[in-house]
Amino acid sequence: MPIDLDIREHEVLGPIIIEAEQKGREVGRQEGRQEGRQEGWQEGRQEGRQEGRQEGRYEGELTILRRQIEKRFGALPAWAVKRLAALSARELEDLSERVLDTQSVEELLS
């Protein structure tokens with residue numbers, strides 16, 4: 001609803017109203033930036049957790065598979081350690097089943 005001002009009131013109140021509107025817009029922008037930073041921080045934190053869980057699962061799968069292979073065939077040669085480290089999580093899962101059916105490290109990792 002527009003405010004009805006006479007000329008004198010307009011000269012006095014006009015700059016005050018304009019300044020108040022500008023301050024209001026600036027406060028709104030600051031609040032928006034703050035909310036944006038908070039949302040970005042939360043999203044980053046969530047992504048970090050997800051990545052951490054994936055890395056942890058991968059490391060766990062690799063460790064268990066290495067232990068299974070060493071228990072079955074003895075110490076792993078350096079080439080086998082490198083080969084295992086280059087595999088994806090899915091490939092490690094597949095090998096964890098195949099380790100029960102193979103006769104050697106070479107057969108398992110070929």
Side-chain angles (χ1 to χ4, degrees):
M1 182 190 240
I3 300 173
D4 194 17
L5 302 174
D6 68 21
I7 293 177
R8 280 177 291 159
E9 289 174 322
H10 181 66
E11 289 174 357
V12 173
L13 295 178
I16 294 171
I17 292 170
I18 292 171
E19 185 179 338
E21 288 174 345
Q22 289 172 342
K23 284 184 181 179
R25 281 192 293 271
E26 180 58 32
V27 166
R29 282 192 291 269
Q30 288 174 353
E31 288 174 357
R33 285 192 294 267
Q34 178 67 22
E35 287 175 15
R37 280 192 297 270
Q38 238 175 353
E39 288 174 11
W41 181 78
Q42 288 173 348
E43 288 175 15
R45 198 167 164 211
Q46 187 174 13
E47 288 174 13
R49 283 184 183 151
Q50 179 66 26
E51 288 176 18
R53 282 192 292 271
Q54 288 173 343
E55 287 178 24
R57 268 189 245 128
Y58 176 83
E59 291 296 324
E61 289 171 5
L62 179 59
T63 299
I64 289 171
L65 180 58
R66 283 186 63 172
R67 291 179 67 194
Q68 289 175 328
I69 295 170
E70 289 173 349
K71 175 94 172 155
R72 177 117 195 237
F73 303 114
L76 286 171
W79 68 266
V81 172
K82 288 180 185 177
R83 172 88 168 98
L84 287 172
L87 298 176
S88 70
R90 182 69 191 143
E91 291 170 318
L92 292 175
E93 288 176 23
D94 292 343
L95 285 180
S96 69
E97 292 176 5
R98 287 186 41 217
V99 71
L100 303 173
D101 300 323
T102 59
Q103 300 303 311
S104 67
V105 173
E106 292 79 13
E107 180 184 346
L108 178 66
L109 297 178
S110 61

Would you say CZ of R67 has more than 12 non-hydrogen atoms from neighbouring residues, nucleotides or ligands within 6.0 angstrom?
no
Joint hydrophobic cluster, V99 plus Y58, side-chain heavy atoms closer than 4.5 Å:
yes
Which residues pass the salt bridge (Lys or Arg N to Asp or Glu O under 4.0 Å) test with E70, sequence neighbours left out?
R66
Nearest-0.5 Å distance, CD of residue E91 to OG of residue S96:
12.0 Å
What salt bridge (Lys or Arg N to Asp or Glu O under 4.0 Å) pairs are there with at least one residue in residues 74-90, not counting sequence neighbours?
R90-E93, R90-D94
Separation between CD of E106 and CZ of F73, rounded to the nearest 0.5 Å
9.0 Å
Group every Ile, Leu, Val, Met, Phe, Trp and Tyr by side-chain heavy-atom contacts under 4.5 Å, then state whether L109 and I64 land in the same group.
no
Checking Q50 against R53 for the side-chain hydrogen bond (donor to acceptor under 3.5 Å, both in side chains) test, could you report, in this order, the C-alpha distance in whole Å, the side-chain angles of both residues, the deciding distance, and whether it holds?
CA-CA 5 Å; Q50 179 66 26; R53 282 192 292 271; 3.0 Å; yes
Could you check if a side-chain atom of L84 sits within less than 4.5 angstrom of a side-chain atom of L87, using non-hydrogen atoms only?
yes
The side chain to side chain donor-acceptor pair (under 3.5 Å) partners of K23 (sequence neighbours excluded) come to E19
Supply the atom-to-atom distance I69 CD1 to T102 OG1, rounded to the nearest 0.5 angstrom.
8.0 Å
